[in-house]
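This report refers to the structure that appears directly beneath it.
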Amino acid sequence: MNKKTKSPFPGVRYRVHSSRIYNRQKDKYFFVRYNKGGKTFEEPVGWLSEGMTAFDANEIRTRIVSNIRLGQAPQSVAEMRALDAQQREQEKRKQEAAARENITFGTAALEYLKWSENNKKSYAQDKSRYDNHLKKRFADLPMRSISRFPHLESLKRDLQKKGRADATIFQVLQEIRAIYHKAIEWGLYSGPVPTDGAKKLFPKINNQRTGFLSPDQALDLLTQAKAKSFTLWCQCVLALHAGLRFGEIAALEWPDVNFNADTITIRNPKAGRDRAVYMNEAISDMFQELIAVRTKKGKSFTGLVFPDTKGRIQKHVSRSFYEVTKDMGLNEGVTDPKQRISFHSLRHTYGSQLAMQGYPIQLIQELMGHHSLEMTARYSHFSPGLRQEAAKSLANLFKEESGEQTSQGDVISMQENK
């Protein structure tokens, strides 16, 4: 660049670029000079090729000089740029706030479905629920305008009239809630959520499995499972003899198995806290076989006990389990999904057998790792004899106490007669 050259405007100078051409002339870079507090300041303001001219530079200098005289901001090019940037940011925030204020349910739903496709196994169901139950009704409505009354209650009522199951209605409403909360999380929306605080809006559903195995069926299943898959057999033993969920079994690591104390530590279970499971003889024998098999194959005893083929946590129960239940005919003629035998039915069998053996419901709750006693209460009907025995015991207790009170009354009566 060359030395600075004066422009026709006082206090405005520029440098000419040695080679860069703009509009058939060499590009220029402008500066403004002004006095403040007895000192001279010079600041760059921009290139001709970026839209700056000597006239514009003079306008900037005039504004700065005037502000210095009046004692107001901005009093420099740097302050002016910072103020402009602040104003642009404020305007941007206003526009974003307006966008959040007016975003439609359909726009947020499409973003949710993109996320679901990459992060959820139930993407197909999410998309189906949106396409079939939500899109036509809500897609063009601003999210802020959708409320429990009348929108969600009307949706629920219409689905009920169409004969949709309570579970379906629950899932549709749950998807609405998920779309709202994800939109808030992503900064797309900042308004109210119509499903929040609307507990009664969601229908109560009972999806707890009630099917369980008899002792003979359980033994037969273990035999056939072992013939199909050794790993599956090991997992079935843990489910039947310790009541472990499949997720707990899949996440089990070797350091969690304590052969000295005959305990298994279940980390981060569904109830939200660690718990200890005690190994009975069947579980101990299973582990001895498993150790022998792994030793023969030269495998280590670190990490997951039952990793998948890639060494990761197993996500699904082996298909061999369903082949076993099919071969045994356990689900033939069963139309109620809750009655069908699944891997989780082995855990249910564990709880049911404990109740049938007369163990207290609080102990069953602890052994199964239930968060609340309400979850365990469904097993109480398996022990009707215990309830009858308890009622008889209480009756006998009151009978004895009643007899003691009569005797005391007789003594008092006799004393009064004297």
Side-chain angles (χ1 to χ4, degrees), residues 1-119 123 139-145 179-191:
M1 287 188 184
N2 301 319
K3 64 179 182 178
K4 294 176 184 174
T5 303
K6 292 182 179 180
S7 76
F9 300 97
V12 176
R13 301 195 300 170
Y14 62 88
R15 275 179 175 165
V16 178
H17 197 280
S18 59
S19 59
R20 190 163 64 196
I21 303 299
Y22 176 73
N23 277 351
R24 299 181 181 181
Q25 61 177 309
K26 289 185 177 180
D27 205 356
K28 298 176 182 178
Y29 194 67
F30 293 93
F31 300 81
V32 294
R33 177 178 289 189
Y34 55 89
N35 294 318
K36 179 181 176 182
K39 294 182 179 180
T40 300
F41 295 87
E42 187 173 69
E43 293 183 281
V45 291
W47 288 97
L48 178 66
S49 58
E50 294 174 347
M52 183 60 63
T53 64
F55 179 83
D56 295 328
N58 181 62
E59 290 288 312
I60 292 172
R61 180 183 179 278
T62 301
R63 181 182 172 191
I64 291 173
V65 171
S66 176
N67 286 343
I68 292 173
R69 187 183 306 115
L70 297 174
Q72 63 186 27
Q75 296 185 9
S76 69
V77 175
E79 288 182 12
M80 189 178 296
R81 286 172 175 165
L83 184 61
D84 289 344
Q86 182 180 2
Q87 291 174 342
R88 287 194 300 271
E89 182 63 25
Q90 289 176 347
E91 183 62 29
K92 180 182 177 182
R93 289 178 181 177
K94 286 181 181 179
Q95 292 174 356
E96 290 175 348
R100 290 195 297 271
E101 186 83 16
N102 300 314
I103 185 173
T104 64
F105 183 83
T107 300
L110 291 179
E111 292 300 320
Y112 175 80
L113 290 175
K114 289 178 186 176
W115 172 84
S116 175
E117 187 174 13
N118 294 323
N119 294 277
Y123 164 70
D140 295 330
L141 293 181
M143 294 184 74
R144 186 176 292 274
S145 71
I179 290 170
Y180 268 89
H181 282 281
K182 280 297 180 184
I184 291 173
E185 179 183 333
W186 296 329
L188 301 175
Y189 175 67
S190 60

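The figures that follow rest on heavy atoms only: side chains count, while hydrogens, waters and symmetry mates do not.
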Quiz item: Taking everything shown except Phe55 itself, do over 12 heavy atoms lie less than 6.0 Å from its CZ?
Solution: no
Quiz item: Does the Thr62 side chain pair with the main chain of Asn58, one donor and one acceptor, at a distance under 3.5 Å?
Solution: yes
Self-check item: Backbone of Asn102 reached by a side-chain donor or acceptor of Arg144 within 3.5 Å
Solution: no
Self-check item: Within 45° cone of Tyr112 ring axis and under 6.0 Å: Lys182 NZ or CZ
Solution: no
Quiz item: Considering only heavy atoms from C-beta outward, does the side chain of Glu111 approach that of Trp115 to under 4.5 Å?
Solution: no
Self-check item: Minimal non-hydrogen separation, Val16 against Lys26, with atom names
Solution: CG1-CB, 3.4 Å
Quiz item: Would the number of heavy atoms belonging to other residues, nucleotides or ligands and lying under 6.0 Å from CG of Asn35 be above 12?
Solution: yes
Exercise. Mark yes or no for whether Asp27, through its side chain, and His17, through its backbone, hold a donor-acceptor pair below 3.5 Å.
Key: no
Quiz item: Are side-chain heavy atoms of Phe30 and Val32 found at a separation under 4.5 Å?
Solution: no
Self-check item: Euclidean distance, Thr5 OG1 relative to Tyr14 OH, rounded to 0.5 Å
Solution: 4.5 Å
Exercise. Starting from the C-alpha separation in whole Å, work towards a yes-or-no answer on salt bridge (Lys or Arg N to Asp or Glu O under 4.0 Å) for Arg63 and Glu59.
Key: CA-CA 6 Å; Arg63 181 182 172 191; Glu59 290 288 312; over 6 Å; no
Quiz item: Can you name the nearest heavy-atom pair linking Thr104 to Ala139, along with the distance?
Solution: CB-O, 3.4 Å
Quiz item: Any side-chain heavy atom of Trp47 within less than 4.5 Å of one from Arg20?
Solution: yes
Quiz item: Going by heavy atoms in the side chains, are Leu113 and Glu117 under 4.5 Å from each other?
Solution: no
Quiz item: Does the Tyr180 side chain pair with the main chain of Met143, one donor and one acceptor, at a distance under 3.5 Å?
Solution: yes
Self-check item: Approximate separation, where rounding is to 0.5 Å, of Glu43 CD and Tyr34 OH
Solution: 3.5 Å
Quiz prompt | Residues which pass side chain to side chain donor-acceptor pair (under 3.5 Å) with Lys36, listed by chain and number, not counting sequence neighbours | solution = Gln75
Exercise. Search all heavy atoms of Val12 against all heavy atoms of Ala57 and return the closest pair with its distance.
Key: CG1-CB, 3.7 Å
Self-check item: From NZ (Lys3) to CZ (Arg13), nearest 0.5 Å
Solution: 10.5 Å
Self-check item: Closest approach of Tyr123 to Ser116 (non-hydrogen atoms, all atoms of both residues)
Solution: CA-OG, 3.4 Å
Quiz item: Taking side chain as C-beta onward, heavy atoms only, is Pro74 less than 4.5 Å from Asn67?
Solution: yes
Exercise. Check whether any side-chain heavy atom of Phe31 sits under 4.5 Å from a side-chain heavy atom of Arg15, and report yes or no.
Key: yes
